[in-house]
Undergrad: 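Here it is, the structure in full.
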Amino acid sequence: MKSTLVLLAHPNLLKSRINRALVESVKSLPHVTVHDLYETYPHFVVDVKREQELLLAHERIVFQHPFYWYSSPALLKEWQDQVLEYGFAYGQNGVALQGKEFLSVVSAGGDAEDYRRDGQNYFSVEELLAPFQQTVRLCKMLWQKPIIFHGVLDWDDKAIAVAAEKYRSVLTEDSS
Ligand SMILES: Cc1cc2nc3c(=O)[nH]c(=O)nc-3n(C[C@H](O)[C@H](O)[C@H](O)COP(=O)(O)O)c2cc1C
């Protein structure tokens, strides 16, 4: 199976219902490395070399996070700003990430109906992930269809368990 690095970005995992359950469901998979960014870098000082080594060591990169202000929590942006260096991720000789699969896994408080042209958010979550998608393109990674969980604030334990199982099955379905 594809070695998979899950970059988890949640500022308060203890209070999380969704992302905590999601990550619990995949962290025991032998080909999956869960990397909790807020736990590792509480002061936003990212170890660039370590992060680049982690990226190099995996074939699939997952960004898992709650949707915050139509994007990710801030540390994941800081991580991108620091780690995706010219000459490593893009630009001349910057081919370290070329050919790796990339998957966004996002939980959103808003319902799917809110993320339509006639809804209050106008854009779909997938459309709002455009900066991530273009980053993936620039780094010559392979954008996979994102996993987006909507309306999560109303979810009961059963709905959370179903989502966690879906996530786990996506990360295990690839037999290559
Ligand atoms: C600072 C902040 C910003 C948020 N922004 C959005 C948003 O733009 N769109 C949305 O649908 N939900 C938004 N939410 C709701 C979160 O996406 C939701 O609380 C989260 O997905 C729940 O996951 P968790 O149980 O792992 O914390 C926001 C929540 C917070 C705290």
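This chain uses plain numbering: 1 for the first residue, then up along the sequence. Remember, it's 1-based here, ligands and their atoms both numbered in the order they're listed.
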Undergrad: Heavy atoms, side chains only, cut-off 4.5 Å: are Phe63 and Val106 in contact?
TA: no

Undergrad: Among all the protein's non-hydrogen atoms, which is closest to atom 12 (N) of ligand 1, and how far away is it?
TA: Gly109 N, 3.1 Å

Undergrad: Same hydrophobic cluster for Tyr167 and Leu29, using side-chain heavy-atom links shorter than 4.5 Å among ILVMFWY?
TA: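 Cluster IDs for Tyr167 and Leu29 match.
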
Undergrad: List the closest protein heavy-atom neighbour of atom 16 (C) of ligand 1: residue, atom name, distance to the nearest 0.1 Å.
TA: Phe67 O, 3.5 Å

Undergrad: Look at atom 19 (O) of ligand 1 and say which protein heavy atom is nearest, naming residue and atom and giving the distance to 0.1 Å.
TA: Leu153 CD2, 3.5 Å

Undergrad: Are His10 and Tyr68 close enough that some pair of their side-chain heavy atoms sits under 4.5 Å apart?
TA: yes

Undergrad: Taking Glu24 first and then Lys27, would you say they form a salt bridge - that is, a charged N and a carboxylate O separated by under 4.0 Å?
TA: yes

Undergrad: Is it the side chain, the backbone, both or neither of Lys15 that has a heavy atom closer than 4.0 Å to ligand 1?
TA: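 It is neither; nothing of Lys15 touches ligand 1.
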
Undergrad: Count the heavy atoms belonging to other residues, nucleotides or ligands that lie under 6.0 Å from CZ of Arg17, then report whether that count exceeds 12.
TA: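 Counting neighbours around CZ of Arg17, more than 12 heavy atoms of other residues, nucleotides or ligands fall under 6.0 Å, so yes.
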
Undergrad: Membership question, hydrophobic clusters at under 4.5 Å side-chain separation (ILVMFWY): are Leu7 and Leu84 in the same one?
TA: yes

Undergrad: At what distance is the nearest protein heavy atom to atom 23 (O) of ligand 1, and which residue and atom is it?
TA: Ser107 OG, 3.4 Å

Undergrad: Should one rank Phe149, Tyr70, Tyr68 by closest heavy-atom distance to atom 29 (C) of ligand 1, which comes out on top?
TA: Tyr68

Undergrad: With a 4.0 Å heavy-atom cut-off (strictly under), which part of Asp114 contacts ligand 1: side chain, backbone, both or neither?
TA: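 Asp114 to ligand 1: no contact under 4.0 Å from either part.
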
Undergrad: Would you say the rings of Trp155 and Phe149 are close, in the sense that their centroids are separated by under 6.0 Å?
TA: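 That pair passes the under 6.0 Å test.
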
Undergrad: Return the residue, atom name and 0.1 Å-rounded distance of the protein heavy atom closest to atom 27 (O) of ligand 1.
TA: His10 NE2, 2.7 Å

Undergrad: Can you tell which of Trp69, Trp155, Tyr115 gets a heavy atom nearest to atom 9 (N) of ligand 1?
TA: Tyr115

Undergrad: Starting from atom 22 (C) of ligand 1, which protein heavy atom do you reach first, and at what distance in Å?
TA: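 Looking only at protein heavy atoms, the one closest to atom 22 (C) of ligand 1 is Val152 CG2, 3.8 Å.
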
Undergrad: Can you see whether Tyr122 has Arg117 sitting over its ring - NZ or CZ less than 6.0 Å from the centre and within 45° of the normal?
TA: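 Judged by the rule (NZ or CZ under 6.0 Å from the ring centre, within 45° of its axis), Arg117 counts as positioned above Tyr122.
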
Undergrad: Test of understanding: given a 4.0 Å heavy-atom threshold, classify the contact between Asn121 and ligand 1 as side chain, backbone, both, or neither.
TA: neither

